[in-house]
Amino acid sequence: MSQKKRLIFHLDMDHFYTAVEEREHPEIRGKPVIVGADPKEGKGIGVVSTSNYEARKAGVRSGMPISRAWKLSPEAVYLRPNFPLYLKVSAQIMEIIRKYSERFEQWGIDEAYLDVSDKVKDYSEAEALARQIKQEIKEKQNLTCSIGVGPNKLVAKIASDYKKPDGLTVVKEEDVEKFLAPLPARKLLWVGRKTEEKLKALGINTIGDLACYDPAALTAMFGVMGMQMHLNAKGIDKSPVVSRAGIKSISHETTFQEDTADQNAILQTLDELSTDVLEETVSQNLFFKTVTVKIRYENFETHTRSKTLPFMTNRIGDLKKTARELLLTYLRHERKVRLIGVRVSTFVSSEKQKTLF
Ligand code: TTP
Ligand code: MG
């Protein structure tokens with residue numbers, strides 16, 4: 001008996017922050033719109049969070065310095081992010097999506113996976129269901145999204161990105177390898193810029209190139225990741241759609257451009273990560289008690305260490321101080337560091353906190 005076939009959706013909202021802003025301010029529709037740091041007439045520091053498709057035509061991209069966006073599109077409408085609004089809309093959208101299957105997994109602010117294996121009998125029913133979800137979101141929220149349908153999360157995720165905005169891409173199990181083969185290897189979720197360079201040096205540009213490459217050679221070069229790469233390139237992914245009830249933790253981490261033992265630089269980056277984590281925590285109306293730091297040395301050895309405070313807090317000073325204290329225990333040996341991260345957990349909402357006082 002063969003295992004039951006799975007049918008997975010991945011849904012991703014189109015140009016999410018700017019789409020919400022356009023909905024709230026119809027007068028900016030049709031113009032290039034950029035949400036991010038203050039451009040200060042080209043002298044601003046900070047980056048683009050996202051831009052609408054009109055601004056993307058001029059070459060504007062998420063993560064780009066805002067000063068560069070200004071050069072590409074000085075006529076665009078520039079807005080500071082309104083996180084509480086985006087989080088509210090995100091929660092409303094997730095409410096709509098999760099009705100379609102109890103196997104629902106939110107991923108980031110504007111993405112979700114749905115396992116609809118028990119809800120539809122084949123790909124044609126799956127496609128109809130995906131259309132229905134798109135339509136409900138359009139009617140109730142006046143926003144568009146793109147959905148990918150496939151036999152697993154990996155394929156569904158790549159499919160949702162395949163045609164955007166307002167896309168619907170269905171990849172049947174038998175078409176998976178054909179669909180993936182011509183796409184750049186970077187589309188595989190774990191392929192960052194560094195891995196992409198290494199693969200290019202081996203003559204591997206597309207997912208198809210990777211699928212044909214000797215898996216033993218990949219393993220020799222990339223360790224366990226090598227086997228993972230081989231399987232993913234063939235479109236094999238067994239990871240389940242994991243339902244998570246509410247937010248259990250908020251974390252940010254970063255890989256240094258070059259491995260570093262510079263304590264000042266590491267601690268400064270740690271402070272920046274703490275600031276990002278706190279911003280998100282506050283915007284969700286949460287207080288935390290537990291702080292965890294993560295460190296990965298250049299040889300990939302990874303450690304985490306936690307501390308639970310004797311009080312609930314949402315103050316940046318408490319987070320920065322605790323995170324520094326925890327990380328410093330790892331920085332005594334002057335070993336080169338590859339990655340650090342900060343996480344907060346053990347939450348109460350501010351609503352509850354108010355009643356505690
Ligand atoms: P994405 O889904 O990556 O981007 P998007 O929804 O803006 O555009 P697309 O149509 O291509 O899906 O991210 C969702 C939101 O997360 C995005 O609207 C803004 C935010 N974001 C950042 O703040 N910084 C980033 O670097 C990225 C990629 C996203
Ligand atoms: Mg999106």
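Whatever order the structure lists them in is the order used to number ligands and atoms, beginning at 1. Quick caveat, the model's predicted, so the values are computed rather than measured. In what follows, residues are counted from 1 in the order of the sequence shown.
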**OP:** May I ask you to list the atoms of ligand 1 that are less than 4.0 angstrom from any heavy atom of Phe16?
**Re:** 5 (P), 6 (O), 7 (O), 18 (O)
Original post:
Looking at Tyr53, which atoms of ligand 1 are within less than 4.0 Å of one of its heavy atoms?
Top reply: 9 (P), 10 (O), 11 (O)
**OP:** Walk me through it: do Phe256 and Ile266 pass the test side-chain contact (heavy atoms from CB on, under 4.5 Å)?
**Re:** CA-CA 9 Å; Phe256 291 103; Ile266 295 171; 4.1 Å; yes
Original post:
What part of Arg56 sits under 4.0 Å from ligand 1 if we count only heavy atoms: the side chain, the backbone, both or neither?
Top reply: side chain
Original post:
Are Tyr162 and Phe179 an aromatic pair by the rule of ring centers under 6.0 Å?
Top reply: yes
Subject >> atom 15 (C) of ligand 1 [closest protein heavy-atom partner, distance rounded to 0.1 Å] >> reply: Tyr17 CE1, 3.9 Å
Original post:
What part of Met13 sits under 4.0 Å from ligand 1 if we count only heavy atoms: the side chain, the backbone, both or neither?
Top reply: backbone
Subject >> Asp110 N/O to ligand 1 N/O under 3.5 Å >> reply: yes
Original post:
For the atom pair CG (Leu326) and CD1 (Ile295), what is the distance rounded to the nearest 0.5 Å?
Top reply: 11.5 Å
**OP:** Look up atom 26 (O) of ligand 1 and tell me if a protein heavy atom lies less than 4.0 Å from it?
**Re:** yes
Original post:
Looking just at side-chain N and O atoms, do Ser274 and Asp271 make a donor-acceptor pair shorter than 3.5 Å?
Top reply: no
**OP:** Report the C-alpha distance between Arg193 and Glu197 in whole Å, list the side-chain angles of each, state the deciding distance to 0.1 Å, and finish with yes or no for salt bridge (charged side-chain N to carboxylate O under 4.0 Å, His left out).
**Re:** CA-CA 6 Å; Arg193 221 171 305 145; Glu197 289 313 312; over 6 Å; no
**OP:** Looking only at protein heavy atoms, identify the closest one to atom 4 (O) of ligand 1 and say how far it is in Å.
**Re:** Thr50 OG1, 4.3 Å
Original post:
Of the backbone atoms (N, CA, C, O) and the side-chain heavy atoms from C-beta on, which set of Trp107 has a member under 4.0 Å from an atom of ligand 1: side chain, backbone, both, or neither?
Top reply: neither
Subject >> Min N/O separation Ser62 to ligand 1 under 3.5 Å >> reply: no
**OP:** Report the protein N/O/S neighbours of the Mg ion (ligand 2) that fall below 2.8 Å; do not count waters.
**Re:** Asp12 OD1, Met13 O, Asp110 OD2
Original post:
If you draw a 6.0 Å radius around NZ in Lys119, do more than 12 non-hydrogen atoms from other residues or ligands fall strictly inside?
Top reply: yes
Original post:
With no hydrogens and no angle check, do the side chains of Arg23 and Gln141 hold a donor and an acceptor under 3.5 Å apart?
Top reply: yes
Original post:
Is it true that a side-chain atom of Lys134 and a backbone atom of Ser146 form a donor plus acceptor pair closer than 3.5 Å?
Top reply: no
**OP:** Among residues two or more places apart or on two chains, list those pairs meeting salt bridge (charged side-chain N to carboxylate O under 4.0 Å, His left out) that have a residue in residues 37-64.
**Re:** none
Subject >> Value rounded to 0.5 Å, distance of CG in Asp110 from CE in Met94 >> reply: 6.5 Å
Subject >> ligand 1 contacted by Tyr86 (non-hydrogen, < 4.0 Å) >> reply: no
**OP:** Ignoring angles and geometry beyond distance, decide whether Lys164 reaches within less than 3.5 Å of ligand 1 through its nitrogen or oxygen atoms.
**Re:** yes
Subject >> Distance-only side-chain donor-acceptor flag, Asp115 / Ser117, under 3.5 Å >> reply: yes
Original post:
Closest non-hydrogen protein atom to atom 24 (N) of ligand 1, residue and atom name please, with distance?
Top reply: Ser49 O, 3.4 Å
Original post:
What do you reckon, is CZ of Arg296 surrounded by more than 12 foreign heavy atoms closer than 6.0 Å?
Top reply: yes
